[in-house]
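Since the structure comes first, as structure tokens, the remarks are kept for the end.
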Amino acid sequence: MSNGITVTLPDGKELVLDANATVFDVASEIGPGLAKAALAGRIEGELVDLRRPLGADCSLSIVTTKDELGGSIIRHSAEHVMADAVKRLFPSAQVDAGRTDHSEKFQYDFLVDEPFTPEDLERIEKEMNNILSEGAVFDREVMTRDQAEELFRGLGEELKLSRLGDIPADAEITIFRHGKFADLCRGPHVHNTKQIGAVKLTEASGTYFRGDENGPKLQRIYGTAFESKKALKSYLARLEEAKKRDHRRVGQDLGLFHMDPLAPGSPFYLPKGMTLYNELVSFVQDLYPKYGYDEILTPQLFRADLFKTSGHYDKFHDDMYWFEGSDVGEELGVKAMNCPGHCHLFSTGKRSYRELPVRWAEFSRLHRNERSGTLNGITRVRSFAQDDAHIYCEPDQVAQEIDSFFKMTAEIYDKLGVDGIEMAVSTRPDEFLGEPEDWDVAEKALIDAVERAGFKCNIKEGDAAFYAPKVEADFRDVLGRAWTLATIQIDMAMPGRFDLRYVGRDGELHQPAMLHRAILGSLERFIGIYIEHTGGDFPFWLSPIQVVILPISDRHQERAYELKAALASKRVRAEVDDRSETLGFRVREGQTQKIPLTLVIGDDEVERGTVSPRLRKSKQAMDAMSAEALVEALSISNAERRKSPFA
RNA sequence: GCUGGCGUAGCUCAACUGGUAGAGCAUCGGAUUUGUAAUCCGAAGGUUAAGGGUUCGAGUCCCCUCGCCAGCUCCA
């Protein structure tokens, strides 16, 4: 007996429909426009495809092409279409799995005899467009494991059979089909391939089955798709825009740093880049007293014994640079991290609970032998420095130390205008040191601290290092890649390995808790990401050159250099551009070099002792002000690290 | 490290199927002395990443090394 069911819509409205009504029926009921735009539905929050019967009373929202989620569904469906196209053109290809995150792109891995060439991609894209115009309907099918096995065995899809084995015994097995193509998939998918408005294949690369270097080599194809050609076009335009902000390009255009084949992965900082670097370091240094840090400096080279004690000699050996010292048999390692040296230093004195927490910060340059393929501009390098510090404290002081760390992080990111940070807590991996209970406590402490600090908190299951749960600040760049900036880790191993002790209030020896932490992370990486974040339009206080002074003609040069000297005496970084070029040319140069302030000096300014500053990106000069007032204002902006030259 | 792509002047890029390596910007010299996004004239600049091979002839085809880029893996 089929009675009507009641569907509650997001706006609170209720619809009564036939019991076997589907999501699509609801959309149609609401209006033909919605029915056309509808891609999927959410029943009680669960994402389902359009043809799913509702079954019972429920709350329902319709996902359309306009939703962010709608885009993901379109790309997911385009992914299947790509696999279909590949199978049509390369019948012997075996299909592995697609992508889980479709927020930007889609991908599939294939087992094929030959890698795909750019021409292959063009053919595949063309075939995809053929499939789209065929307008096939996506069907969802629930199968038993046996049926699914039979299906993929019949198709010769060995990889799929292996993937099928990953699905837990009690989970429902669903297959999505369109036309002749079928794949193991949770869905949901668009109703009809015609709802995929535009597709583009972006690149191909090699990969491994299950990411295992010893396993079969697969070929991966990446692409993206949108509801319309227009949306695809604006996405591609955005990528073009992002390319213009690429830190490698901006770094070169603004004369910040130089990368050279003679030192792969190791930046040469040019004077302007060095200014940026130094300003960032001073910024962090200036906060150290407030947060109770002391800065130290430890050696660059250590005898191997140090790293044997820390465990890096075994665990990190290939990532470090080793060589023989001048003494026979003396093996030296170039330091790749500060923690072993800090731990050793801590162990050299008798420590009292009274001096804890000890917070030691160090900006030393570190060297890691990164694998060549991982290098990337200055965001992934072999030579770098971190705003690194290690905290040794009593175990019951850990929580407040973490809170203080987040406060400092928030203060720094706020000043730099870095937003959109997501924190991720990594939990213990399969193999770990210490007791599970201790890990649980530590992980919980981190999660609580992240939430108290007001950051969004994600969990990365099993992603921690073997010795420590950690929190990472993930920053997404313009291309959607995630980069780790800040990190804090509770070390469960090093205090023991170095046999660290302090005398407690009770007169007994105790082992201190140890934290590793960095806020900017690697300065190299931070600078790279920050360049892309700002497009090179740095805040006033960070700009390598803050003011460019342009004398109109030779007779104004003297005044220009006077001004420069006056600014320099207040630590404002100014340059005079008195080249024999037109004023327009030099103004343009100041703009393209992203200099915050341009001062043109002509007869009026010389006579009256004034300046008429022109702000970066502004079409015209501001009202005239006295030179003294300018120097004073800029000096204050620097002292307060202001974003703009004038408050 | 792996898979794929790429490497021409300081930078951005040309050079048809193998047939004398070019341009713009930057640089240097000269002229111009400018009022808020590109003044004019001239000069110089390259063993086409390095090495080897095929060919009458290689920037172009082949091999190898190095580097860069995208992705994988790893990671700050």
Side-chain angles (χ1 to χ4, degrees), chain A residues 105 107 109 114-118 120-121 202-215 217-222 243 246 248-249 252-253 255 258-265 316 318-319 336-337 366 368-377 379-381 384-388 463 465 470 472-473 479 481-487 489 516-526 528-529 548 550-557 578-593 598-605 612-622:
Chain A
K105 45 189 164 184
Q107 73 189 41
D109 295 347
E114 294 290 327
F116 295 112
T117 64
D120 289 337
L121 292 197
T202 48
E203 63 224 326
S205 74
T207 184
Y208 296 96
F209 186 53
R210 299 181 189 280
D212 175 8
E213 288 193 18
N214 303 313
K217 287 191 179 71
L218 306 179
Q219 298 300 319
R220 174 171 297 176
I221 302 179
Y222 289 88
K243 255 165 96 178
D246 189 309
R248 291 165 297 214
R249 184 194 189 98
Q252 183 176 70
D253 289 350
H258 167 76
M259 300 301 285
D260 197 287
L262 286 179
F316 211 70
D318 292 347
D319 299 304
M337 65 290 296
L366 305 173
R368 294 187 187 174
N369 184 20
E370 298 288 348
R371 299 202 282 175
S372 61
T374 63
L375 301 178
N376 182 283
T379 56
R380 186 68 187 271
V381 289
F384 63 102
Q386 299 178 87
D387 61 327
D388 195 17
D463 207 37
K470 65 176 171 183
E472 287 175 342
L479 292 175
R481 293 179 292 201
W483 296 97
T484 297
L485 299 181
T487 179
Q489 310 184 5
H516 304 243
R517 40 114 291 158
I519 291 177
L520 301 178
S522 128
L523 288 163
E524 279 62 25
R525 172 171 298 177
F526 184 83
I529 291 168
V548 62
L550 310 179
I552 286 182
S553 77
D554 290 354
R555 66 177 179 278
H556 309 116
Q557 273 180 10
D578 55 359
R579 289 177 298 173
S580 171
E581 297 285 354
T582 60
L583 185 65
F585 179 91
R586 289 175 290 156
V587 166
R588 177 173 193 273
E589 195 93 325
Q591 293 289 310
T592 56
Q593 285 294 303
T598 301
L599 304 178
V600 173
I601 303 299
D603 289 338
D604 292 353
E605 285 76 14
S612 307
R614 171 184 166 137
L615 290 167
R616 174 172 62 200
K617 286 185 169 173
S618 165
K619 292 272 180 249
Q620 64 217 7
M622 300 166 63

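Numbers restart at 1 for each chain; the letters A, B, ... are given by sequence-line order, proteins then strands.
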From [options], nucleotide with atom closest to [X] side chain:
X: A:S372; options: B:G1, B:G35, B:G67; result: B:G1
X: A:A621; options: B:A76, B:A37, B:U36; result: B:U36
X: A:E605; options: B:G67, B:G35, B:A76; result: B:G35
X: A:T374; options: B:A37, B:C74, B:G35; result: B:C74
X: A:P264; options: B:C75, B:C72, B:G67; result: B:G67
X: A:R248; options: B:U27, B:C74, B:C69; result: B:C69
X: A:E472; options: B:A37, B:G71, B:A76; result: B:A76
X: A:R588; options: B:A38, B:C74, B:A76; result: B:A38
X: A:L375; options: B:U33, B:U27, B:C68; result: B:C68

At 4.0 Å (heavy atoms only), tell me whether [X] reaches a base, stays on the sugar-phosphate, or touches nothing.
X: A:R220; answer: sugar-phosphate
X: A:F526; answer: nothing
X: A:T484; answer: sugar-phosphate
X: A:Q386; answer: sugar-phosphate
X: A:G602; answer: base
X: A:G377; answer: sugar-phosphate

Using modelled atom types and a 3.5 Å cut-off, is there a donor and acceptor pairing between side-chain atoms of [X] and backbone atoms of [Y]?
X: A:R220; Y: A:Q107; value: no
X: A:R588; Y: A:T592; value: no
X: A:Q591; Y: A:R586; value: no
X: A:E524; Y: A:A385; value: yes
X: A:R380; Y: A:L375; value: no
X: A:R616; Y: A:T598; value: no
X: A:Q252; Y: A:R249; value: no
X: A:R368; Y: A:D319; value: no
X: A:D387; Y: A:G521; value: yes

Would you say [X] reaches [N]'s phosphate, i.e. side-chain N/O to OP1/OP2 under 4.0 Å?
X: A:S522; N: B:A76; value: no
X: A:R614; N: B:A37; value: yes
X: A:R586; N: B:U34; value: no
X: A:N376; N: B:A70; value: yes

Rounded distance [0.5 Å steps], [atom1] in [X] versus [atom2] in [Y]:
X: A:R248; Y: A:N376; atom1: CZ; atom2: CG; answer: 5.0 Å
X: A:L550; Y: A:F585; atom1: CG; atom2: CZ; answer: 11.5 Å
X: A:Q489; Y: A:E472; atom1: CD; atom2: CD; answer: 7.5 Å
X: A:Q557; Y: A:I601; atom1: CD; atom2: CD1; answer: 12.5 Å
X: A:L615; Y: A:Q620; atom1: CG; atom2: CD; answer: 10.5 Å

Which comes earlier along RNA chain B counting from the 5' end, the contact point of A:T598 or that of A:G521, where each point is its nearest nucleotide?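 The 5'-side residue here is A:T598.
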Report the residue (A:T379 or A:D604) whose heavy-atom-nearest nucleotide on RNA chain B is the more 5′ of the two.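 Its nucleotide being nearer the 5' end, the pick is A:D604.
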What's the [atom1]-[atom2] distance between [X] and [N], to the nearest Å?
X: A:L583; N: B:A37; atom1: CG; atom2: P; value: 8 Å
X: A:I221; N: B:C72; atom1: CD1; atom2: P; value: 15 Å
X: A:H556; N: B:U33; atom1: NE2; atom2: P; value: 14 Å
X: A:R380; N: B:G71; atom1: CZ; atom2: C1'; value: 14 Å
X: A:D463; N: B:U73; atom1: CG; atom2: C1'; value: 13 Å
X: A:I601; N: B:G35; atom1: CD1; atom2: P; value: 15 Å
X: A:F585; N: B:U33; atom1: CZ; atom2: P; value: 18 Å
X: A:R249; N: B:G10; atom1: CZ; atom2: P; value: 18 Å

Could you work out the separation of [N] and [M] based on their [atom1] atoms and round it to a whole Å?
N: B:G59; M: B:G53; atom1: P; answer: 15 Å
N: B:U60; M: B:A70; atom1: C1'; answer: 25 Å
N: B:A31; M: B:G19; atom1: P; answer: 44 Å
N: B:U8; M: B:A15; atom1: P; answer: 14 Å
N: B:G46; M: B:G18; atom1: P; answer: 28 Å
N: B:G57; M: B:G1; atom1: C1'; answer: 40 Å
N: B:C25; M: B:C68; atom1: P; answer: 31 Å
N: B:U48; M: B:G52; atom1: P; answer: 12 Å

With a 3.5 Å cut-off and just heavy-atom distances, do the side chain of [X] and the base of [N] make a donor-acceptor pair?
X: A:R371; N: B:U73; result: yes
X: A:Q252; N: B:G10; result: no
X: A:E370; N: B:A76; result: yes

Can you give me the N/O atom pairs linking the protein to nucleotides 29-32 of chain B at distances under 3.5 Å, or say none if there are none?
unit_1 : atom_1 : unit_2 : atom_2 : d
B:U32  : N3     : A:S580 : OG     : 2.5
B:U32  : O4     : A:S580 : OG     : 2.3

Both distances under 3.5 Å, Watson-Crick or G-U wobble: on that basis, could you give the dot-bracket string for RNA chain B, with [ ] for crossing pairs and | for other-strand partners? (((((((..((((.....[..)))).(((((.......))))).....(.(((..]....))).))))))))....
Pi stacking test for A:W483 and B:A76: under 5.5 Å apart, planes under 30°: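 Here the ring of A:W483 and the base of B:A76 are not stacked, as the 5.5 Å and 30° limits are not both satisfied.
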